[in-house]
2 protein chains.
Amino acid sequence: METALAKSPVSPRVEPLGKREQTKVQNRELILEAARQVFAELGFGATTVRDIIRATPLASGTFYNYFKSKEEVYQAIRDDVALAIRPRLREERVKAKSVEEFISSTFRTFMEFVADDQVNFRTIRHTADTTRVRLDTPEVIAGFEELREDIEKAIKEGVFPPVDADFLMASIVGVAFEVSDRMMLREKRDPSAAAIFATALFLGGIRTLPHASHPSSGAGTA
Amino acid sequence: METALAKSPVSPRVEPLGKREQTKVQNRELILEAARQVFAELGFGATTVRDIIRATPLASGTFYNYFKSKEEVYQAIRDDVALAIRPRLREERVKAKSVEEFISSTFRTFMEFVADDQVNFRTIRHTADTTRVRLDTPEVIAGFEELREDIEKAIKEGVFPPVDADFLMASIVGVAFEVSDRMMLREKRDPSAAAIFATALFLGGIRTLPHASHPSSGAGTA
DNA sequence: AGCGATTGGTGACACCACGTCAATTTCGAC
DNA sequence: GTCGAAATTGACGTGGTGTCACCAATCGCT
């Protein structure tokens, strides 16, 4: 009995793991953090596994103990984001008692999340190249399927009209991604305005969209 | 005068170019065609310049006389598509006399084009990987900007309500890409149904969408 | 036609990234 | 403290990258 306590007399319980497990978690995070930086700087295409490991105190072989390729690292980064936002979105949707709530809470939650998440946005939007890359990982795709299932459930319960759930899911995804992307390119990020725009579009179509304050609120191409 | 005619007595005027220019055009097309096949088979990420050149009778060095990298080849392929569809879309939009025409002709033209264009679709949607890649080339982005300008013009002329043209452009693009993608994954491709869905969404919102014939018309995940 | 000049194809080469693996270090259990 | 397991290391073979000196084909001119 005494030994067990003596072994960790003052140790905070935040480290209940052995040294082994600790460095394992640490190394993984080291690689992910380095990858975020390098992806943001060079872009996904130009980045090599060597670039990532060089931004780390680890040896090249160690990389392959944690990931199979740079694709898998990228996937892990995106999956982290997806895992963070999926439960929030789902929670909002199950609470929704009407089409209005379903749509507006979905867009509001999504836009606010994206606006807060500068790090991952910069990881994905590499400014170097003019070309834009979008990679949908399994976890992200699972989020899409979840949305479709919720729409189908809402239709069965009579909350939604009996529309094509697959196309509606695709439309919500498309608008959420594209509009959030434009939102992030603006000087002043306004997730509320973006969410209101998308919500109005889905609930009433173009004619119910809010009127823009300035004629060319597009704020240029930059 | 006589010499000029004598130089090509029977030659069809389809080859007014010298031999030099001819093989140049031919080699470029050879590379592009090989690239389309290889991209479709291996996916963009796994494809190497060597894979492309190997699917060709040319030597490796020759590739670099035509393109700097596989990215540039991919860009050329996408730009061909963009150059083919942009004038058609623009023509439809300038003809439009109302919001209804603007939106419906845009989606109809786009969906029909995508449905007809199996080759380029398979080039981009490599079934091998679960992850999906979307690369927007400068030409494609120019098409987006063109759409936004047309929206702004329509607003100035009073055809459109004074909405946020940038967000509206992004929404149209997002829905067009995502819905067309789902359309192409279905057993029976129906560009008309896809266009009607997208049009109804933009003109009147969810509640005016056509009712789906089957409850789960999503046709699974495949 | 014949003949230099020029353009463009060729493939070997130096460089580097990839993924592996045997040797070595580090940790955990007894 | 000692032994076995687990993880790290970096050198290595393989193969892709982009370049360049060389050479063949075409062009312009007489």
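Chain A is the first sequence line, chain B the second, and so forth, proteins listed ahead of strands; every chain is numbered from 1. Computed from a prediction, not measured in an experiment: that's the story for all the values here.
Counting to the nearest Å, the C1' atom of D:dA7 and the CZ atom of A:Phe63 are 16 Å from each other. Taking atom CG of A:Leu58 as the reference point, atom P of D:dG10 lies 10 Å away to the nearest angstrom. The distance from atom CG of B:Asn65 to atom C1' of D:dT17 is 15 Å, rounded to the nearest whole Å. If you take CD of A:Gln26 and P of C:dC27, they are 11 Å apart, rounded to a whole angstrom. One interatomic measurement links the two molecules: CZ of B:Arg54 to P of D:dG15, which rounds to 10 Å at whole-angstrom precision. Note: NZ (B:Lys24) to P (D:dC27) measures 12 Å, nearest angstrom. The interatomic distance linking B:Gln22 (CD) with D:dA25 (C1') rounds to 14 Å, in whole Å. In this structure, the CG atom of A:Leu42 is 11 Å from the P atom of C:dA17, given to the nearest Å.
Counted by atom type alone, A:Thr62 and A:Asn65 present zero donor-acceptor pairs between their side chains at under 3.5 Å.
Put simply, A:Ser60 has no side-chain N or O that comes within less than 4.0 Å of OP1 or OP2 on D:dG10. B:Tyr66 has a side-chain polar atom (N or O) that falls below the 4.0 Å cut-off from OP1 or OP2 of C:dG9. Dashed line: the shortest gap from a side-chain N or O of B:Asn27 to OP1 or OP2 of C:dG9 is under 4.0 Å.
Classification of B:Glu91 and B:Arg88 as a salt-bridged pair fails, no side-chain N sitting under 4.0 Å from a carboxylate O. Between A:Lys153 and A:Asp150, none of the side-chain N atoms (NZ, or NE/NH1/NH2) sits under 4.0 Å from a carboxylate O, so this pair counts as no salt bridge. Salt-bridge annotation for B:Glu92 and B:Arg108: absent, with no side-chain N of the basic residue lying under 4.0 Å from a carboxylate O of the acidic one. Using a 4.0 Å cut-off between a side-chain N of Lys or Arg and a carboxylate O of Asp or Glu, B:Arg186 and A:Asp164 qualify as a salt bridge.
When distances run from any side-chain atom of A:Ala59 to the nucleotides D:dG10, D:dC27, C:dT10, the shortest one goes to D:dG10.
In the interface, the side chain of A:Arg20 is paired with the base of C:dC27 through a donor and an acceptor atom under 3.5 Å apart.
Where B:Thr48 and B:Lys19 each meet DNA chain D at their nearest nucleotide, the meeting point lying more 5' is that of B:Thr48. Residues A:Asp51 and B:Pro57 both approach DNA chain C. Their nearest nucleotides, taken by heavy-atom distance, put B:Pro57 toward the 5′ side. Each of B:Thr23 and B:Val49 was assigned the nucleotide of DNA chain D with the nearest heavy atom; the assignment lying further toward the 5' end belongs to B:Val49. Nearest-nucleotide assignment on DNA chain C puts the 5′-proximal partner with B:Glu21, out of B:Glu21 and B:Arg50.
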